[in-house]
Amino acid sequence: MADPAWLDELNPQQRAAVTHGDGPLLIIAGAGTGKTKTLAARVAWLLERGVPAERVLLLTFTRRAAQEMLRRAAQYASHSTRHAPRVWGGTFHAVANRLLRQHGHAVGLTPDFTVLDQSDAEDLLNLVRQEMGLHSREKRFPKKGTLLEIYSKCVNSQQPLDKVVPRDFPWCAGFDEEMARLFAAYTDRKQQMNVLDYDDLLLFWFHLMRTAEAGARAAERFDHILVDEYQDTNKLQADVLRAMAAVKRNITVVGDDAQSIYGFRAATVRNILDFPKQFPGATVITLEQNYRSVQPILNAANAVIARARQRFTKNLWSERRSEQRPLLVSCVDEAQQCRFVCTRILEQLEAGVPLRRQAVLVRTGHWSDMLEVEMSRRNIPYRKFGGLKFLEAGHVKDLLALLRLLENPRDQISWLRVLNLLPGVGGATANGVLRFLAANNHDFRSLAHCSVPTAARERFRELAAMLVDLGGVNGPHHERASGWCESDSNAAAPHPGPLPADAGRGRKLVLPVQSSDLAQRVATVTDFPLPSLARGEGQGEGSCAEVSTNSFQPSLSAQIGRIRKFYEPVFHDIYDHAEVRIRDLEQLAAMAASFGTREEFLSDVTLDPPSGTSDWAGAPHKDEEWMTISTIHSAKGCEWDVVFLIHATDGVIPSDLTTGNAVEIEEERRLLYVAMTRARNWLYVCFPLRYYADKHVLGDRHSYAQLTRFIPSDVRALFEQVALTLPKPASGGRGGAKVETDGRAKIRGFWSPEGG
DNA sequence: ACTAATGTCCTTTTT
DNA sequence: GGACATTAGT
């Protein structure tokens, strides 16, 4: 077969990677070496060679990356590659979600599970913790966020508590026994609720692969597996992959150990370093020619990473020459840093670099707060990625909770959130209602007979009416004792992770509720099945057909419309600034319009949350000009002509919050490396010398900062160094900062706090 | 006995 | 500004 013409666009290493035949392949692809292009071309090449698109699996770090790659694969468009969209593409979690809805029965799952996002998982963990009485101990028990981190790290690294806690959470020592019990209870509760958390998606996929029949079928399903960003996978993911590739061994992984920045999520650089051992006979190809950055930027970046240990040595080089070295800008304080960045952005814009080709990068979301104010003031449009998410807004979560309830009436977390919306309802009443629901097979119709305090009565009635209107699916299907159907194979064998041994068996639904008068009363009023439900009593014996006659589901938009009819009056009662917030609800509704089913929408929203505040509407923003503000993590895989890294101080990079162990420090070094290698032509590394202490702390104290330790003096020499100073307060406080090495700088609108 | 309002601490990175 | 603990109020 003749090679397609587009192969000529590739350099020899890229071409070797793209045209690699069968067998394991590791591509070490440095920053900007055409990794996306190579992977996309390989997909296209496989399709050209006649591999059916649906037998190719492309695992990426974000769904967006998958889409981009498949779009590019389709661009190498011969007739056969137009099928690229039929390739299975997505994140590990999204693919797990898809596979488990189809084959989950082999590990005791029914296809109607819902997925908990992080905050839901934390809330559930907290609920269980409280019920177990672990919150009131003499010594302070770890908080929910920490608990979930610990749990998650155990699962994802496949290591037991007593190994993880001393190493990564030394301050939580001494609670091992309680935590083990807590995590077991948490696992049980998820079963009762018919929900999976993020980690479960991987965990159950892993166990699916261990079942004889379904595991073999899953492994059979794909002829080729390609994995992007392999350096950011964890042990559990690697185990899943090994099982998926066990039969055909056609696995291609691409990554750069120097860009591994997800250790906090249990990603381990060992996966990529050990790949040749894990897959004996693997071909290793290294891509070193960088097509992105000018050489002076690479020189600086190479110098930063040169001091890291344990890596595939590679030195990036570029044909893009330039006289311009990256700039190292020391500012007097944060305010000056903001002014400098804004001014330079506008200068670059005038010089012909559009806003979309410029970006500001920060270590954590809040470090751009002051800059955002300044940018708004100067009318510089921007979008922010990473940091606070749209989904975390209370009112958005409310609406989603209502939607989830319809999907999975046993979702306690959503119930608690929804019930707390009602006036006069707190934890105790909510618990009572939950108990009541449990006793009535979670049938919405039973709510009509549930008593609640007077203050809540009217709204509660409206809620019940709404749920009954929309909740067609509510019958025997949901009445199995645990919602995890009988396991047909007992392959869900226990392992170091917290999957319970009895995952497949039926489990009695017992809600451990603190005894409270009201809860007892509410529960006893109707602690018997309602007449209309009696037929559903026998453990899941009702046929599904019987349910479906009752389960006409209105369109998703109609459902949301009906929900809003109930929710918006409530919403106005409890939130300030309703006018602003209501737009979010509209956006949510607009977004949902493009989804077919409720399940798809909910899964998508939890597995691939919109990353920016204005990420939702999509098309309307197409033509607008805006620049990017992003966390370094979210900037992975991106590039811009001009990049500003701000707050490059010690204490920010590396963060003061790291526990100080060498592994974490090394990751921070790579973070800096990732940030620097995003830049094509201009790189500004900025750092303020002085920080004003929080307003909460002692008056107007300030502290002094230093440049990050990852740019020591010998590396500094590779930068053009710029020191900004404040002007003398002669002209009544108005003036401009002087850029000592660059007289052109015109910084306007500057108001010196010291000078005034 | 519950809910709602007030007070105090800390504040990564993301599927 | 939000999470958590505590107190005031119904």
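What's counted below: heavy atoms across the whole structure, side chains too, no hydrogens, waters or symmetry copies. Within every chain, numbering begins at 1; the chains are lettered A, B, ... in the order of the sequence lines, protein sequences first and strands thereafter.
- When each of dT15(B), dT14(B), dC4(C) is scored by its nearest atom to the side-chain atoms of Phe264(A), the top-ranked nucleotide is dT14(B).
- The separation between Glu122(A) atom CD and dT15(B) atom C1' is 14 Å, rounded to whole Å.
- In this structure, Leu645(A) places its CG atom 14 Å from C1' of dT13(B), rounding to the nearest Å.
- When distances run from any side-chain atom of Lys143(A) to the nucleotides dT15(B), dT12(B), dC4(C), the shortest one goes to dC4(C).
- Following rounding to the nearest Å, Trp205(A) (CH2) and dT15(B) (P) show an atom-to-atom distance of 17 Å.
- In terms of the salt bridge (charged side-chain N to carboxylate O under 4.0 Å, His left out) criterion, residue partners of Arg101(A) (sequence neighbours excluded) are, by chain and number, Glu599(A).
- Rounded to whole angstrom, the span from the CD1 atom of Ile665(A) across to the P atom of dT13(B) amounts to 18 Å.
- Counting any heavy atom pair closer than 4.0 Å across all strands shown, Gln118(A) reaches a base atom.
- Set against dT13(B), dT3(B), dT15(B), the side chain of Thr91(A) has dT15(B) as its closest nucleotide.
- For the pair Leu148(A) CG and dA3(C) P, the interatomic distance rounds to 15 Å; values are reported in whole Å.
- In this structure, Gln237(A) places its CD atom 12 Å from C1' of dT14(B), rounding to the nearest Å.
- Between Ser634(A) and dT14(B) there is a side-chain N or O to OP1 or OP2 distance below 4.0 Å.
- One atom, CG of Leu421(A), and another, P of dT3(B), lie 14 Å apart when rounded to the nearest Å.
- A donor-acceptor pair shorter than 3.5 Å can be found between the side chains of Ser119(A) and Lys397(A).
- If you check distances only, the side chain of Arg363(A) does reach the base of dT13(B) with a donor-acceptor pair under 3.5 Å.
- The pair Asp584(A)-Arg581(A) does not count as a salt bridge, with every side-chain nitrogen at least 4.0 angstrom from each carboxylate oxygen.
- Comparing Glu668(A) and Gly424(A) by the nucleotide of DNA chain B that holds the closest heavy atom to each, the one mapping nearer the 5' end is Gly424(A).
- OP1 or OP2 of dC4(C) lies within a sub-4.0 Å distance of a side-chain N or O belonging to Lys144(A).
- No hydrogens or angles considered: a donor-acceptor pair under 3.5 Å links the side chains of Asp197(A) and Tyr186(A).
- When each of Asn420(A) and Glu149(A) is assigned the nucleotide of DNA chain B bearing its nearest heavy atom, the one mapping closer to the 5' terminus is Asn420(A).
- Tyr262(A) comes within 4.0 angstrom of the backbone, heavy atoms only, and of no base.
- Nucleic acid contact for Gly263(A): none, since no nucleic acid atom lies under 4.0 Å from a heavy atom of the residue.
- In this structure, the ring pair (Phe, Tyr, Trp, His ring centres under 6.0 Å) partners of Phe264(A), at least two apart in sequence or on a different chain, are Tyr262(A), His633(A).
- Closest to the side chain of Thr429(A), out of dT13(B), dT3(B), dT14(B), is dT3(B).
- Looking at Ser368(A) and Lys384(A), their side chains do bring a donor and an acceptor atom within 3.5 Å of each other.
- Here the P atom of nucleotide dT13(B) and the CD1 atom of Ile261(A) are 13 Å apart, to the nearest Å.
- Put simply, Thr631(A) has a side-chain N or O that comes within less than 4.0 Å of OP1 or OP2 on dT14(B).
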